[in-house]
Amino acid sequence: MHKRFDHQAIESKWQEKWKENGLYDAGERDDNKEKEYVLVEWPYPSGNLHIGHWYAFAVPDIYVRYKRMLGNQVLYPMGFDAFGLPAENAAIKHNLNPREWTEKNIEYMRSQLDSMGNAFSWDKTTSSTDPEYYKWTQWMFTEFFKNDLAYRGEAIVNWDPIDNTVIANEQVLPDGTSERSGAIVEKKKMPQWMLKITDFADDLIDDLEDLNWPEHIKDAQRNWIGRSEGAEIDFELSFGQKVTVFTTRPDTLFGATYMVLAPEHELVQKYKDDIANWSEVEAYIEASRQKDERDRQDNTKEKTGVKLEGVSATNPASGEEIPVYIADYVLAGYGTGAIMAVPAHDERDFAFAQKFGIEVKQVVAGGEELPYAGMGTLISSGKFDGLSSEEAKENIVKEVGGRMTNTYRLRDWSIGRQRYWGVPIPIVYDPEGKAHPVPEEHLPWTLPEDVDFKPTGEAPLAKSAELKARTEEIFGEGWTPEVETMDTFVDSSWYFLRYLDNQNKDNLVSPEAQKSWMQVDMYFGGAEHTTMHLLYSRFWQKALHRLGLVTHNEPYLKRANHGMILGPDGNKMSKSKGNVVDPDEQVKSVGADTVKLYLAFMGPYEDNSYPWDPNGVVGLRRFLERVYGLGEHIAQEESEEMTSLLHKTIKKVRYDIAEFKFNTAISAMMVYVNKAEKENLTKESYLTLVKLLAPFAPHLTEEIWSVYDLEGSIHSSPYPEYDESLARDKEVTIGVQINGKMRGEITLSPTASEGEALELVKKVDVLMARLHQKEIMKVIYVPGRILNLIVKE
RNA sequence: GCCCAGGUGGUGGAAUCGGUAGACACGAGGGACUUAAAAUCCCUUGCCUUUCAAACGGCGUGCGGGUUCAAUUCCCGCCCUGGGCACCA
């Protein structure tokens, strides 16, 4: 019989008590305890908690509580990533200040987060919009500026015409639309604040080696950074100018029969007087500029380009004169923006050469037909004939005075945003237009309030009289403020540091606090951050480390991505589809413990999506009621099997939590409860079960703990240990195969001998009938696993 | 095209080292209790053949091969789904 409990009364009662006692505060670091820093991605305060937040915060809480009960001092902080466009857009819509809107949301979300009953270290909380937080965001930016890691550069940027702002490469989706607004991204050339993430490209790849991250996440980062190993080689143009190309295949240099410059290549404009067909060339440049990024990247389209009449280049290996083209299949932003084209050994060059009637010269023997892009033996390459591609590479580069080098897909991170609700970039310009960092004494360089922030494409801070006056007052007449704000990914690139020392007025984080808590031991978060947040924050930490501002070179030791909770129909939850599951309603009807337990039970906590099943939730509620009702099965004694099963269960639950396999941990406890209900169990065993369940259902277990009048909180009690000898089976049932087919089973000690096993077979009629008058040729016996009898048919 | 992850009952999933495939939960079917319904309890539930019932029958972890006494697990070749990258030289 299930025993119902009043989850609303129980949950609010314990949540209040825990809060009163500060039970989960991280507190002062106690060096007698091992530390564990568990991080989850801080939420944007949209004003309403959704089921994804539950999945992201309540399930890791199982691990957090488990670690606490193991005796670790655990830091499990929560804060708010509160700058960004939604607040600004909501403020425009409701005609109020983004700060008001944000603060109201934070307050409300805080109460929703409390209803989860998680063991958050609220004493360490912070918010990106708190001036005491963004003061340090700005300070680090000025340090980067002083050390050439932040710079103002003319760059081709991604312009989002809906949000009216620049966005970073990482924020453009593969289909050329904006990750935020969905707008088709336009390319614009404009001055931009950039961070030199490319300086760390090699470190960002190489240091992955030592991280305990899933391989697929590392792969995705390596891919994103896109290191390719090759060489830079100089070609001389007919009017004496040198052009450098990048190639991964210097071994094919003798086969380079033409050269291509990107339409945006600076030399094209510079030497327009030398180009005989300039008007045609100019028209092509204009046309390719008009194409949006999607068209330009569509490699299924026919190649286009224009020959630069009157211009030629010299192949430095063969000495041959070769024609020069501009074509938009060569990208200005990658490599050197110029290529040597080898039609015989590159598919794209081949297609282009076919169309324009350019010579195809094979220099690598290998494939049956051209173009052949593989490696092979060199031919028609002068003194290099007969060498393998690999051998030839460096030799040829040396011969022509080139240099081996790497190039990367990764671009510097553009962080300037032409919007209001963000961290002001702490830069002022002197009357000559030179940029200066705002000195530390004037930080935080506050976000002005006197701004009409409706998006016009122009940065809203430009309209602030206060900011302008402030700048002139501090720096002098004619000085002007920078009016852009920072990408919100900057805010979240270092929040894990501020949590450690959230009250520190003199430093972003003290070395002592870092020594106590760094690095993040376990970082749970969404898969969508693999090439954005995770890459940015690794860069940030490395940049700080290079400047000697932090103690560690990498922020996160271990990482697990989780997936998404889908609507009951299997689709992504959305208001328009009407498939949104409201966690508040669920908490009200079945309770926080049940919601958490259900989310943990759906499947392993990994990058996989699960549909919400309204019936499934009920099953977990039933389980909790059975645990609650199990108190009525308490007896003076219990069977040996019950004791053994308990120890097996403890072993499995401990193992599974450590592996984030919360689903099988729960099912193991279900198995135990199912059996205990049919028999009896001692009070001691019952309370052991309750402790085992405590990380999964913190409210109900605390309630049961108090009913039995036990000291303190269950969540401060030690997690159950198991006795290996009791957890071991005395008897096991194993399968018996005849010629590899399962034909029966026998029950015996896991250490029984082969002879004993064969004796037992004789007692099984079914098996004996099969074996009748047959000779056993071979016996395979794996104790505790299988008995396989090979007979002559 | 390249890189990564995955494909198991009606559903979510389990099988930790190559050793009884389908734990646990949901759903479904049958029964008990009830005036009735809900809740709860008990039984059945991978598929197929034959059967009153069944099995000591056959099949079965995307498909086709292979290794092995034994394969969801290892190897080779495919197909499909999801994710990342992509005119990146």
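In this text the structure is predicted, and so the values were computed from the model without any measurement.
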| field | N-glycosidic conformation, B/rG9 - syn within 90 degrees of 0, else anti | value | syn

| said: Anti or syn, where syn is a glycosidic angle within 90° of 0; which label fits B/rC17? | reply: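 Base orientation relative to the sugar is syn.
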
Pairing nucleotide - [N], Watson-Crick or G-U, each distance under 3.5 Å:
| N | result |
| --- | --- |
| B/rC74 | B/rG66 |
| B/rG18 | none |
| B/rG27 | B/rU45 |
| B/rU40 | B/rA32 |
| B/rG6 | B/rC80 |

Would you tell me if any nitrogen or oxygen in the side chain of [X] comes within less than 4.0 Å of OP1 or OP2 on [N]?
| X | N | result |
| --- | --- | --- |
| A/Arg743 | B/rG57 | yes |
| A/Ser228 | B/rA89 | yes |
| A/Lys741 | B/rG60 | no |
| A/Asn561 | B/rG83 | no |

Euclidean distance, atom [atom1] of residue [X] to atom [atom2] of [N] [Å, nearest integer]:
| X | N | atom1 | atom2 | value |
| --- | --- | --- | --- | --- |
| A/Lys648 | B/rC24 | NZ | P | 14 Å |
| A/Tyr610 | B/rU11 | OH | C1' | 14 Å |
| A/Leu748 | B/rU20 | CG | P | 14 Å |
| A/Gln737 | B/rC69 | CD | P | 13 Å |
| A/Ile666 | B/rC24 | CD1 | P | 15 Å |
| A/Leu261 | B/rA89 | CG | P | 18 Å |
| A/Lys652 | B/rU16 | NZ | C1' | 7 Å |
| A/Asn663 | B/rU16 | CG | P | 13 Å |

Could you tell me whether [X] contacts a base, only the sugar-phosphate backbone, or nothing, with contacts defined as non-hydrogen atoms closer than 4.0 Å?
| X | value |
| --- | --- |
| A/Arg622 | sugar-phosphate |
| A/Tyr655 | base |
| A/Arg411 | base |
| A/Asp349 | nothing |
| A/Gly619 | sugar-phosphate |
| A/Val671 | sugar-phosphate |
| A/Pro214 | nothing |
| A/Asp656 | nothing |

| field | Salt-bridge present (A/Asp593, A/Lys596; N to O < 4.0 Å) | value | no

Could you tell me how far [M] sits from [N] if I compare only their [atom1] atoms? Round to whole Å.
| N | M | atom1 | answer |
| --- | --- | --- | --- |
| B/rA23 | B/rA15 | C1' | 8 Å |
| B/rU61 | B/rC56 | P | 23 Å |
| B/rG27 | B/rG66 | P | 44 Å |
| B/rC87 | B/rG12 | C1' | 43 Å |
| B/rU20 | B/rC79 | C1' | 31 Å |
| B/rG6 | B/rG62 | P | 13 Å |
| B/rC85 | B/rU11 | C1' | 34 Å |
| B/rA89 | B/rU81 | C1' | 32 Å |

Given [options], the nucleotide with the shortest approach to the side chain of [X]:
| X | options | value |
| --- | --- | --- |
| A/Arg626 | B/rC59, B/rC41, B/rC88 | B/rC41 |
| A/Leu331 | B/rC88, B/rC4, B/rA25 | B/rC88 |
| A/Pro604 | B/rA23, B/rG12, B/rA14 | B/rA14 |
| A/Asn223 | B/rC87, B/rC3, B/rC26 | B/rC3 |
| A/Arg785 | B/rC59, B/rG19, B/rC24 | B/rG19 |
| A/Ile786 | B/rG19, B/rC4, B/rA14 | B/rG19 |

| request: Is it possible for you to check whether A/Arg621 lies under 6.0 Å from the centre of the six-membered ring of A/Tyr598, through NZ or CZ, and within 45° of that ring's axis? | output: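 No, A/Arg621 does not sit over the ring of A/Tyr598.
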
| said: Checking side-chain polar atoms at under 3.5 Å, does A/Thr304 have a donor or acceptor matched by the opposite partner on A/Tyr284? | reply: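 Yes.
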
| message | Nearest heavy atom decides the nucleotide; on that basis, is A/Gly335 or A/Ala668 closer to the 5' end of RNA chain B? | response |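 Looking at RNA chain B, the more 5' nearest nucleotide goes with A/Ala668.
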
| 5' priority, RNA chain B, between A/Thr733 and A/Ile780 [closest heavy atom] |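 On the 5' side of the pair lies A/Thr733.
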
| field | Aromatic ring proximity A/His533/A/Phe489, centre distance under 6.0 Å | value | no

| query | Is the gap between the ring centers of A/Tyr605 and A/Tyr63 under 6.0 Å? | reply |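 No.
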
| said: When you measure only distances, ignoring hydrogens and angles, does the side chain of A/Asn788 come within 3.5 Å of the base of B/rC69 through a donor and an acceptor? | reply: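 Between B/rC69 and A/Asn788, which were checked side chain against base, a qualifying N/O pair under 3.5 Å is present.
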
| field | Polar side-chain contact A/Lys661-B/rU16 base: donor and acceptor under 3.5 Å | value | no

| query | Counting only heavy atoms not in A/Lys355, do more than 12 sit closer than 6.0 Å to its NZ atom? | reply | yes

| Given A/Met259 and A/Val245, is the side-chain contact (heavy atoms from CB on, under 4.5 Å) satisfied, shown in steps? | CA-CA 9 Å; A/Met259 165 181 243; A/Val245 304; 3.4 Å; yes

| query | Closest heavy-atom contact between A/Trp413 and A/Ile197? | reply |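 Reported closest heavy-atom pair: N-CG2, 3.8 Å.
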
| Parallel, tilted or perpendicular: ring planes of A/Tyr325 versus A/Phe352, cut at 30 and 60 degrees |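 A/Tyr325 and A/Phe352: perpendicular rings.
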
